[in-house]
Structures are given as C-alpha cells and as structure tokens.
Amino acid sequence: MDVLSQNPTLLAAMVALLLFIGAFAGVLAGFLGVGGGIVLVPGFYYAFAALGYESPYLMQMCLATSLATIIVTSTRSVLSHNRKGAVDWSVLRGWTPGIVIGALIGVAVAAALRSGTLQGIFGCLAILVGLYMLFGNSNWRLGSEMPKGPLKYILSPMLGFLSVLMGIGGGSFGVPVMSLHGMPIHRAVATAAGFGTIIAVPSVLGFLFVGIPAEVRPPFTVGSVNLGAFIVVIAMTLITAPLGVALAHKTDPKPLKRFFGAFLLLVALNMLRKSFGY
C-alpha cells in the first residue's frame with residue numbers, strides 16, 4: 001500500500017509544509033530575484049524523502065517540479081514588473097536562443113545523472129550563490145553594458161544549463177550577470193524573471209519525457225513532474241509573488257539577502273553531505 005494511504009496525518013503535514021515552502025518561494029522570486037526554485041528543490045527533496053520516495057531518481061523529480069512552478073511564478077512576476085516598466089525586453093530577446101539551448105542540454109544531462117550526483121551539483125552551485133548573496137557588492141562591475149558577441153553566446157547557454165541543473169529560474173545567475181554589467185538592480189531583477197520563464201518552459205517540456213520507474217515515483221507524477229506538489233505550491237506562489245514584487249520596489253533587500261545567503265549555505269552544505277552518503 002502507498003505510504004500516503006498508510007499515513008494521512010503525514011500527508012497533511014507534508015501538504016502544510018509545501019504550502020509554507022510555496023509561500024516563501026513566491027516572495028523570494030519577486031523580492032530577491034533569486035528564483036523560488038532555490039528553496040523549492042531542497043524543500044521537495046526533504047518532503048518526498050520523508051514520505052518514503054527517496055531513490056536515485058528523486059532529484060530529477062525535484063528539479064522538474066520546481067521548474068514547472070517557475071513557469072507560473074516567473075511569468076506572473078515578469079508581467080508585474082513590466083507594469084512598472086522595469087523589464088529590459090531587448091536583453092530578453094537577445095539572450096533567449098542561447099538560454100533555451102542551454103536549458104535543453106541541462107535536461108539531457110540531468111536525465112543521465114542520478115540523485116546523489118545532482119545533489120552534489122546543487123550543493124556546489126548553491127554555495128556559490130550563497131557566497132555572492134553574503135559578500136557580493138552591487139557596485140562591482142565587469143563592464144558598463146550587457147555582453148555582446150561571443151561572450152553573450154557563451155554566457156546565455158551557460159545560464160540556462162546551470163539553472164536547469166539547480167531547478168531554478170534565471171535570477172540566481174542572471175541578476176549577478178546583469179548587475180556586474182551595469183544594469184540597475186531593480187531592472188536586473190525584473191528582467192531575470194523573464195529569464196525564468198525562458199528557462200522553465202523548454203526544460204519542463206523535456207522533463208515530461210524523462211520517466212521515473214513506477215515503483216519509486218509518487219502519485220500524480222507525469223514524466224519527472226509531480227503534479228500534486230506543483231498544484232499545492234502554485235496555490236501559494238500565485239498569492240505571494242506579487243507581494244515580493246511590491247516589496248522589491250519599496251524596500252532595501254540587502255539585510256534579508258545576507259540572511260538568506262547564510263541560510264542557503266547551510267542548505268547547500270547539507271545537500272553535499274547527503275550526496276556523499278552521510
């Protein structure tokens with residue numbers, strides 16, 4: 001018998017946890033521009049592992065389901081930012097082909113790897129993101145305008161590829177890239193929300209064809225996307241993402257960004273620990 005049927009109390013607790021995670025992720029997606037996936041992936045992992053679904057394929061499902069939610073949250077976020085005139089559509093158009101190519105390569109790589117390896121990749125990349133959030137300075141510059149030519153053709157696929165391997169939208173890598181090249185932070189956050197949609201749509205379409213063995217997948221899983229977790233989380237992020245956008249335009253996010261950077265380092269180190277089997 002399925003573990004969910006055996007223990008409805010545990011199921012209720014997991015639904016409550018996913019609702020909380022979804023609310024938190026929605027605010028982060030709009031407020032910090034880091035992408036809700038950086039919270040959702042470890043959240044999904046711990047929730048489904050607690051329900052007894054830990055397997056070599058679990059991280060694939062966590063990445064795919066997180067990216068599915070990002071289709072909704074990033075689209076809603078970029079439309080909200082656009083109403084404030086903050087989105088740089090020329091950057092979005094110019095970077096879309098490379099990001100899509102990188103995202104599809106990311107799906108192919110993730111499909112070939114197992115949960116422990118993907119945990120290790122997530123942990124290493126999350127440490128980099130956490131360190132940037134802790135110690136990064138908005139005044140740092142690598143240039144005065146967004147990369148063009150060969151550099152753009154290198155960075156845009158890399159952004160899509162790394163984001164898929166973490167199950168995140170474009171904010172965690174896109175915001176630093178744009179900020180380091182002279183784009184104001186609020187405009188970078190708004191534009192990165194568009195990166196999230198560009199990353200998530202092709203990658204989720206790919207993950208729908210990456211199956212998980214029936215004996216280790218939770219109910220309501222299509223390909224690698226768990227529709228149950230998707231619906232529960234979206235119910236909250238649809239409410240809280242616009243709140244994050246409003247906060248981003250009214251407050252200084254630096255103190256919370258530092259705190260979240262430290263929190264992310266702890267999550268990343270724990271994922272690395274689990275990837276090594278401890």
Side-chain angles (χ1 to χ4, degrees), residues 13-14 17-18 20-22 24-25 28-29 32-70 73 103 106-107 109-136 158-173 175-176 196 199-200 203 207 210 212 216-218 221 224-226 229-230 233 256-278:
M14 290 301 104
L17 175 62
L18 289 171
F20 172 78
I21 292 170
F24 187 37
L28 285 176
L32 297 183
V34 298
I38 213 159
V39 174
L40 292 178
V41 170
F44 286 151
Y45 183 88
Y46 296 129
F48 283 112
L51 284 168
Y53 291 106
E54 192 162 7
S55 76
Y57 308 92
L58 178 54
M59 275 296 287
Q60 290 178 354
M61 188 185 71
C62 295
L63 299 177
T65 306
S66 172
L67 287 162
T69 69
I70 288 167
T73 57
V107 173
V109 171
L113 299 177
R114 289 298 175 259
S115 193
T117 304
L118 290 170
Q119 281 178 287
I121 293 171
F122 182 95
C124 290
L125 294 176
I127 286 174
L128 294 178
V129 175
L131 289 173
Y132 182 83
M133 294 182 73
L134 272 173
F135 303 111
M158 187 178 299
L159 193 154
F161 175 73
L162 294 177
S163 295
V164 168
L165 289 185
M166 288 190 74
I168 61 177
S172 296
F173 298 116
V175 170
I199 291 164
S203 60
F207 273 122
V210 178
I212 295 177
V216 295
R217 69 171 180 253
T221 301
S224 295
V225 180
N226 184 262
F230 167 78
V233 167
L256 182 57
K257 183 169 285 190
R258 299 289 189 262
F259 172 80
F260 183 71
F263 167 76
L264 183 57
L265 286 178
L266 293 176
V267 172
L269 290 171
N270 190 51
M271 293 289 272
L272 280 176
R273 176 186 64 82
K274 293 185 71 67
S275 75
F276 288 108
Y278 294 107

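Residues: numbered from 1 along the sequence shown.
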Can you tell me if Ser66 uses its side chain to pair, donor with acceptor, with the backbone of Gly167 under 3.5 Å?
-> yes
Going by heavy atoms in the side chains, are Met61 and Pro218 under 4.5 Å from each other?
-> yes
Heavy-atom pair with the smallest gap, counting every atom of Ser172 and Ile38 | OG-CD1, 3.8 Å
Check: Leu264 and Leu134 side chains under 4.5 Å, non-hydrogen atoms | no
Would you please test Ile70 and Ile199 for side chain to side chain contact (heavy atoms under 4.5 Å, CB included) and show each step?
-> CA-CA 9 Å; Ile70 288 167; Ile199 291 164; over 6 Å; no
For Gln60, what residues pass the side chain to side chain donor-acceptor pair (under 3.5 Å) criterion, not counting sequence neighbours?
-> none
What pairs meet the side-chain hydrogen bond (donor to acceptor under 3.5 Å, both in side chains) rule with one or both residues in residues 158-168, with sequence neighbours excluded?
-> none
Could you give the side-chain donor-acceptor pairs of residues 269-277 under 3.5 Å, partners two or more places apart or in another chain?
unit_1, atom_1, unit_2, atom_2, d
Asn270, OD1, Arg273, NE, 2.9
Asn270, OD1, Arg273, NH2, 2.6
Asn270, ND2, Tyr46, OH, 2.5
Arg273, NH1, Tyr278, O, 2.5
Ser275, OG, Leu272, O, 2.7

Residues in ring pair (Phe, Tyr, Trp, His ring centres under 6.0 Å) with Phe263, at least two apart?
-> Phe260
Here the pair of heavy atoms bringing Phe230 nearest to Ala68 is CE1-O, 3.3 Å
Any Leu63 side-chain heavy atom under 4.5 Å of Val164 side chain = no
Partners of Ala229 by side-chain contact (heavy atoms from CB on, under 4.5 Å), sequence neighbours excluded?
-> Leu18, Phe44, Phe48, Thr65, Asn226
Between Leu165 and Gly106 the two heavy atoms that sit nearest each other are CD2-O, 3.8 Å
For the pair Ser224 (side chain) and Val210 (backbone), establish whether a donor and an acceptor sit closer than 3.5 Å, ignoring hydrogens and angles.
-> yes
Measure the shortest side-chain to side-chain distance between Met166 and Val41 over non-hydrogen atoms and say whether it is less than 4.5 angstrom.
-> no
Tell me, which pairs form a side-chain hydrogen bond (donor to acceptor under 3.5 Å, both in side chains) where one or both residues lie in residues 120-132, sequence neighbours left out?
-> none
Could you give the side-chain donor-acceptor pairs of residues 109-130 under 3.5 Å, partners two or more places apart or in another chain?
unit_1, atom_1, unit_2, atom_2, d
Ser115, OG, Met59, N, 3.3
Gln119, NE2, Tyr45, OH, 3.3

